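Some notes on the structure that comes next.
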Protein chains: 2
Amino acid sequence: MSEVAANHTPKYLVVRDYLATRIEKGEFKSGDKLPSERELQESFDVARVTIRDALLALQTEGLIYRLDRRGWFVTPKRIIYNPRSTESFMQYVTAQGRVPKSELISAELIEASEWAAERLNIAVGGPVYSIWRKRFVDGRMVFIEHVRVNAALFPDFLDKPLTDSLTEIMYKHYGVELVRVNINLYPASLGAFQARHLLVTPGTLGLYIGRNSYDQFGRVTNVDQEYWVHDALEISLEAHKDESALMSSIFKTNE
Amino acid sequence: MSEVAANHTPKYLVVRDYLATRIEKGEFKSGDKLPSERELQESFDVARVTIRDALLALQTEGLIYRLDRRGWFVTPKRIIYNPRSTESFMQYVTAQGRVPKSELISAELIEASEWAAERLNIAVGGPVYSIWRKRFVDGRMVFIEHVRVNAALFPDFLDKPLTDSLTEIMYKHYGVELVRVNINLYPASLGAFQARHLLVTPGTLGLYIGRNSYDQFGRVTNVDQEYWVHDALEISLEAHKDESALMSSIFKTNE
DNA sequence: GAGTGGTCTAGACCACTTC
DNA sequence: AAGTGGTCTAGACCACTCC
């Protein structure tokens, strides 16, 4: 490698840097729409593909996001989520000075699939409430959620206000308390159904969060699957040495 | 929307589906190299850009990954990481029947930057060991790590075997015990330095994990930053209601 | 040296959103 | 109706890896 760098910056990174700088300076603010791809193309005098490479790079970084066929927008600050907390979405979003919203997509009584039955610890074909919800922060859709509830434990559940915290409903109306959750999460791409509801292009990067909830009797009350847009969430938690062992001696964990 | 779908599947998704199927069937196995882009282009009789769209979609899904200028490979199974466990990388990878490897990139004594000083709770310019390491699973690079150690607490730390667990070194040689960690993580793209070491294209999607470690005296011993490739890791943890409150009453947490 | 992936051009048509 | 993003073509040159 010579002293004078032979590498020149690729054009798409020049465009990226320019846009990134303007976003960081606040010239494009959170939620703002960027100029159209063709406008950018003319400003920089490059092919449209090159503009797209720049935009896709910024998307991966989480600086901008795309609404399918609607354009590119500046990404708002991430919401912080503590998986060890039992706060509901409405609570932890509000606590961060943001405005949460919930929307019910569908709710029905179905027969447990093999996947659901295994996790809910019930028989295949057993009664399950299948609930899809959509969640917003400051008006932006951030994830959709699929909840499967062990219906045997919660008669008339579908009559309850299903945009509220389901955990709270279980506690107040059925005396069932959430005492333990198993959580797993990883980056994953958003499928057709999820993408359509989130108004993003199918295949967009997301963040998957799975959750199994247990009540005071060790029963699985519900299993949830959350499909987040990848740039809306930051996970934060604290752990103490040996506490897992300590907790198992206090609660009886059945594994 | 008419009964007979007017939508035909885009070509790049046809290619994606074909490759995804062959991977799922095991015709391409974990770690295998896919045919070159030009070979695929000829097989499908499409433009190379279309092949790339398919490959990029599969990459986002985590089915394949790319080594910069080397080609596309089938992604191995994810490693499961429990952020609440105090197991070291070597331990939790081995426990999952995989082969871990650590490599030291660099280790030096430097002056604390503002960023590091604030987190280590020391003065700006104070002594800090800056350690970069590279981590492998079954021979594949999965993340690089930047560790900053409060040097005042650990004289001659750089003489120790720095590919081993640093936590263990602190305990065995200095009697300093890790009792608490703060962790935060989110998807983020990999910068030039990280990408070069991981042999990926700069801007590739990654998973960022930050960690602050506290000892039995409440001191911050080290702050770590891990830059994972996005498809190598799944986070898994268990939480109990009210345990946070319980733990704070047992340990004194200084916040 | 051959082949590969990384970048780029200068267009095009379509489905869809927005006005 | 106009404009946008989504998809696609048929090439090209370069830097780099691999043999």
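As the structure is a computational prediction, the values presented were derived from the model and not from experiment. Chain identifiers are assigned alphabetically (A, B, ...) following the order of the sequence lines, protein sequences preceding nucleic acid strands; residue numbering begins at 1 within each chain. Because only heavy atoms are used, hydrogens play no part in the values below, and waters and symmetry mates are left out as well, while side chains stay in.
- Side-chain proximity of B:Ser36 to the nucleotides D:dG5, D:dT9, C:dT4 is greatest for C:dT4.
- Separating the CG atom of A:Leu199 from the P atom of C:dT18 is a distance of 9 Å, rounded to the nearest angstrom.
- Below the 3.5 angstrom threshold, one finds no donor paired with an acceptor across the side chain of A:Arg48 and the base of C:dG11.
- Distance, B:Lys11 NZ to D:dT9 C1': 8 Å, rounded to whole Å.
- A:Arg69 comes within 4.0 angstrom of a base, heavy atoms only.
- Of the two residues contacting DNA chain C, namely A:Asp45 and A:Asp68, the nearest-nucleotide position lying further toward the 5' end is that of A:Asp45.
- Salt bridge B:Glu27/B:Arg22: present, at least one basic N to carboxylate O contact under 4.0 Å.
- Of the candidates D:dC8, D:dT9, D:dT4, D:dC8 carries the atom nearest the B:Pro10 side chain, counting heavy atoms from C-beta on.
- Aromatic rings of A:Phe73 and A:Phe28 (six-membered ring for Trp) have centroids beyond the 6.0 Å cut-off, not under it.
- Taking only side-chain nitrogens and oxygens, B:Thr201 never comes nearer than 4.0 Å to OP1 or OP2 of C:dG5.
- The CZ atom of A:Phe44 sits 17 Å away from the C1' atom of C:dT7 (whole-angstrom rounding).
- Nucleotide D:dG5 holds its P atom 7 Å from the CZ atom of A:Arg38, rounded to whole Å.
- Atom CD of B:Glu37 is separated from atom P of D:dA12 by 17 Å (rounded to the nearest Å).
- Between the P atom of C:dG5 and the CZ atom of B:Arg66 lies a distance of 10 Å, rounded to the nearest Å.
- Here the two rings, on B:Tyr227 and B:Phe193, have centers that are 6.0 Å apart or farther.
- Taking atom CG of B:Leu67 as the reference point, atom P of D:dT17 lies 11 Å away to the nearest angstrom.
- Proximity of the aromatic rings of A:Tyr18 and A:Phe44 is defined here by a centroid distance below 6.0 angstrom, and this criterion is met.
- Taking atom CG of B:Asp53 as the reference point, atom P of D:dC8 lies 7 Å away to the nearest angstrom.
- The aromatic rings of A:Trp228 and A:Phe143 lie parallel to each other, their planes meeting at an angle below 30°, with 60° marking the opposite boundary.
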